[in-house]
Amino acid sequence: MKIHIKNGRLIDPAHGVDKTTDVFIAAGRIVGAGDTPAGFTASCVLDATGCIVCPGLIDLSARLREPGFEYRATLESEMAAAAAGGITRLACPPDTDPVLDEPSLVEMLSHRARLPEFAHIHPVGALTTQLEGKALTEMAELFEAGCIAFGQANRAIVDNQVMLRAMHYAATFGFPVWLQAQDPFLARQGVAHDGEIAARLGLAGIPVAAETIALSTLLHLARETGVRLHITRLSSAAGIEMIVAARAAGIAVTCDVAVHHLHLCDHDIGFFNPQARLDPPLRAQRDRDALRARLADGSIDALCSDHTPVDDDGKQLPFDEAEVGATGLELLLPLTLKWAREMKLPLATALARITAAPARVLGIDAGHLAPGAVADLCIFDPAAEFHVTRANLKSLGKNTPFLGLSLPGRVRYTLIEGHLAYDGTLG
Amino acid sequence: MTRNPQLTAEGELKHLLTIEGLPCEMILRILDTAAPFASVAEREVKKVPLLRGKSVFNLFFENSTRTRTTFEIAAKRLSADVINLNINTSSANKGERLLDTVDNLAAMQADMFVIRHASSGAPHLIAQHLAATGCDHIHVVNAGDGRHAHPTQGLLDMYTIRHYKRDFSQLTVAIVGDVLHSRVARSQIHALTTLGVPEVRVIAPKTLLPSGIERLGVRVFHAIDDGLRGVDVVMTLRLQNERMQGALLPSTEEYFKAYGLTQERLALAKPDAIVMHPGPMNRGVEIDSAVADGRQAVILPQVTFGIAVRMAVMAMLGGT
């Protein structure tokens with residue numbers, strides 16, 4: 001199929017491109033931009049007038065809930081949500097049931113996901129078996145099966161000797177390790193940021209030290225082992241400053257932040273709103289402001305959706321009993337645009353955090369639109385609004401703190417390897 | 001953020017979920033309403049017909065004989081029909097969802113739910129759910145949720161203080177003990193600051209204070225002798241035995257030594273200071289028997305006033 005994308009504003013952050021032009025696709029790849037390549041006859045013309053044409057979004061953390069939690073979401077439902085959100089590539093954490101700690105499970109997941117309208121998936125394999133933090137998984141085998149990195153999802157490795165060895169082993173093969181920085185003891189029973197709001201509402205707190213102490217350990221061990229460390233879902237101002245300092249000291253570390261933490265803080269718990277029950281917890285306003293600024297200046301590499309479908313039974317509970325997580329695939333682009341607008345950032349800078357930058361974290365050739373690149377594209381209307389309603393969300397996870405809001409940006413088309421995976425003009 | 005869920009658009013009391021956010025006039029109105037109810041108990045027939053024909057459900061997801069009993073007495077003195085449900089021993093163990101339990105009871109034509117729950121915010125969740133399911137006519141009274149609030153306790157404490165001290169505007173009040181885990185302390189703090197008490201102190205070791213507590217408008221003391229100096233009211237908090245686990249405190253003995261309210265310490269307060277306790281007391285842990293039974297203790301009047309205050313709250317919510 002040969003596709004001609006007409007009259008859109010092409011923004012390709014990796015190559016510093018931002019101009020109104022046409023884009024041409026053939027055999028699943030970009031063949032050119034600007035003038036029609038010689039001999040190109042389009043079989044499909046997509047009108048992108050008034051729209052931004054950018055690389056397909058890359059999400060570093062999206063739970064698809066398969067295998068094991070199909071009552072909350074299925075591969076089909078969440079892939080439809082990803083396409084509707086302009087996401088063409090995503091990494092999924094290993095906390096499925098069973099856990100992604102065996103090559104056959106990873107192969108099965110990759111096989112199930114191999115449909116043309118499905119985003120490319122990159123499973124993050126379990127770093128320890130059952131995520132128990134005791135024994136190493138067969139990382140080389142898991143890598144062969146398609147894992148791009150190894151991690152623990154939300155679960156900690158308590159034993160630092162195991163952590164040291166896991167990092168050493170991963171570093172032996174050059175595998176990246178992706179970890180959340182949260183001390184499990186300081187976070188024990190905690191459900192909200194340890195501060196004034198938690199004190200007022202009588203909620204058990206998780207202090208910022210839970211993040212900084214864990215981060216300090218991880219950074220020390222990363223220096224010791226030379227492993228490529230990626231910190232997922234930072235939550236605090238102190239945390240990001242530690243990462244900036246570690247980089248300056250020569251430690252190879254990247255990091256991301258979840259899109260909810262860019263817009264919300266502990267005040268948004270309001271009257272015990274279980275939608276605001278997230279992991280890590282929403283922190284204070286100054287933490288949120290620091291995350292926003294540090295993502296803008298590039299200290300935080302990437303923005304992820306931390307997509308976690310939770311059903312109503314899991315959310316319609318008192319705050320401390322409610323399940324953590326929120327739906328995010330379809331909100332990643334609108335919330336990125338909202339942040340960019342509020343921070344007065346150039347669109348190209350904002351889009352880089354969800355395209356070129358996560359591609360670099362993944363260590364793959366993606367997230368850009370140079371001739372020859374895989375034709376993963378997102379075409380969206382920045383002037384249109386997305387109304388966050390249960391009906392408008394394709395994900396089976398209907399729970400998000402943003403329900404009821406109107407956010408900027410509506411995806412019009414999503415192309416995955418030159419295949420039209422989502423057509424928003426069909427209504 | 002949504003409007004304060006316990007007030008109607010006209011500012012009337014719809015539920016009593018927390019003292020936080022209640023206007024000063026509303027608190028005073030509740031105390032004023034309670035005053036005549038205190039005398040109902042002295043009549044030969046201890047009943048008024050304000051809630052006749054109404055059904056009050058005591059939903060206790062956490063055990064509490066004392067609080068449940070006072071709510072039961074209050075409702076019965078208002079002539080309501082009272083149904084007691086101890087849910088931690090029935091459906092919650094069978095895995096029934098909290099809101100399913102609520103739906104079922106709402107379908108039994110309840111007029112008021114009095115709710116005790118171990119999770120902070122559970123009464124808010126229930127009130128929101130009732131609004132969402134068209135059961136808005138059912139009033140919710142929070143009888144204690146997690147560490148969050150125990151508003152009727154806070155109100156009866158204010159009633160007691162007003163009874164003995166008349167005026168809130170000149171007082172120094174000290175709250176002593178496990179503020180971290182105490183819903184009572186939070187309700188007391190909100191009530192005292194709203195009523196214009198110029199100095200509210202909390203006295204506790206650092207392990208029993210939530211971070212950010214000073215943002216609630218209190219002065220923090222770690223040494224009890226400093227904190228008690230010159231106060232008009234001492235409000236002691238119950239220390240639960242499980243606090244000895246989890247590395248919060250070494251022993252009840254050491255706690256008593258450092259924070260127990262003794263006669264010697266009480267002597268640092270004003271000579272006419274009153275001593276309060278929400279009950280049940282641990283003698284020799286947070287309070288010495290000599291103080292608990294002493295002339296400055298108003299612990300039993302608190303219990304009596306508690307019934308009048310709970311009658312006032314229920315009458316204002318459900319009275320016709």
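In what follows, chains are A, B, ... by sequence order, proteins preceding strands, each numbered from 1.
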Original post:
Do the non-hydrogen side-chain atoms of Leu203(A) and Arg147(B) ever get within less than 4.5 Å of each other?
Top reply: no
**OP:** Using a 4.5 Å cut-off on heavy atoms from C-beta on, say whether the side chain of Glu214(B) contacts that of Glu196(A).
**Re:** no
Original post:
Take atom NE2 in His220(A); do more than 12 heavy atoms of anything else shown fall under 6.0 Å from it?
Top reply: no
Original post:
Once you round to the nearest 0.5 Å, how far does CZ of Arg97(B) lie from CG of Asp312(A)?
Top reply: 8.0 Å
**OP:** Report, as yes or no, whether the 6.0 Å neighbourhood of atom CZ on Arg215(B) holds more than 12 heavy atoms from other residues, nucleotides or ligands.
**Re:** no
Subject >> Max heavy-atom pair count under 4.5 Å with chain A, selected residue of His181(B), Arg186(B), Arg183(B) >> reply: Arg186(B)
**OP:** Check whether more than 12 heavy atoms from other residues, nucleotides or ligands sit under 6.0 Å from atom NZ of Lys398(A), and answer yes or no.
**Re:** yes
**OP:** Counting only heavy atoms closer than 4.5 Å, note whether His129(B) contacts chain A via side chain, backbone, both or neither.
**Re:** neither
**OP:** Taking the side chain as every heavy atom from C-beta outward, state whether Gln128(B) and Gln316(A) have any pair of such atoms under 4.5 Å apart.
**Re:** no
Original post:
Does atom CD of Gln189(A) have more than 12 heavy-atom neighbours from other groups under 6.0 Å away?
Top reply: no
**OP:** Just jot down the ring pair (Phe, Tyr, Trp, His ring centres under 6.0 Å) partners of Phe386(A), sequence neighbours excluded, or say none.
**Re:** none
Subject >> Heavy-atom check, side chain of Phe272(A) versus side chain of His148(B), under 4.5 Å >> reply: yes
**OP:** Measure the CG-CG distance between Asp313(A) and Leu99(B) for me, rounded to the nearest 0.5 Å.
**Re:** 9.5 Å
Subject >> For Tyr255(B), ring pair (Phe, Tyr, Trp, His ring centres under 6.0 Å) partners two or more places apart >> reply: Tyr259(B)
Original post:
How close do Leu125(B) and Leu317(A) get, heavy atom to heavy atom, and via which atoms?
Top reply: CD2-C, 3.4 Å
**OP:** Let me see the working for Leu201(A) and Ser120(B) under side-chain contact (heavy atoms from CB on, under 4.5 Å), right down to the final yes or no.
**Re:** CA-CA 7 Å; Leu201(A) 296 176; Ser120(B) 298; 5.8 Å; no
Original post:
For the candidates Ser211(B), Ala118(B), Ala149(B), which exhibits the highest count of non-hydrogen atom pairs separated by less than 4.5 Å from chain A?
Top reply: Ser211(B)
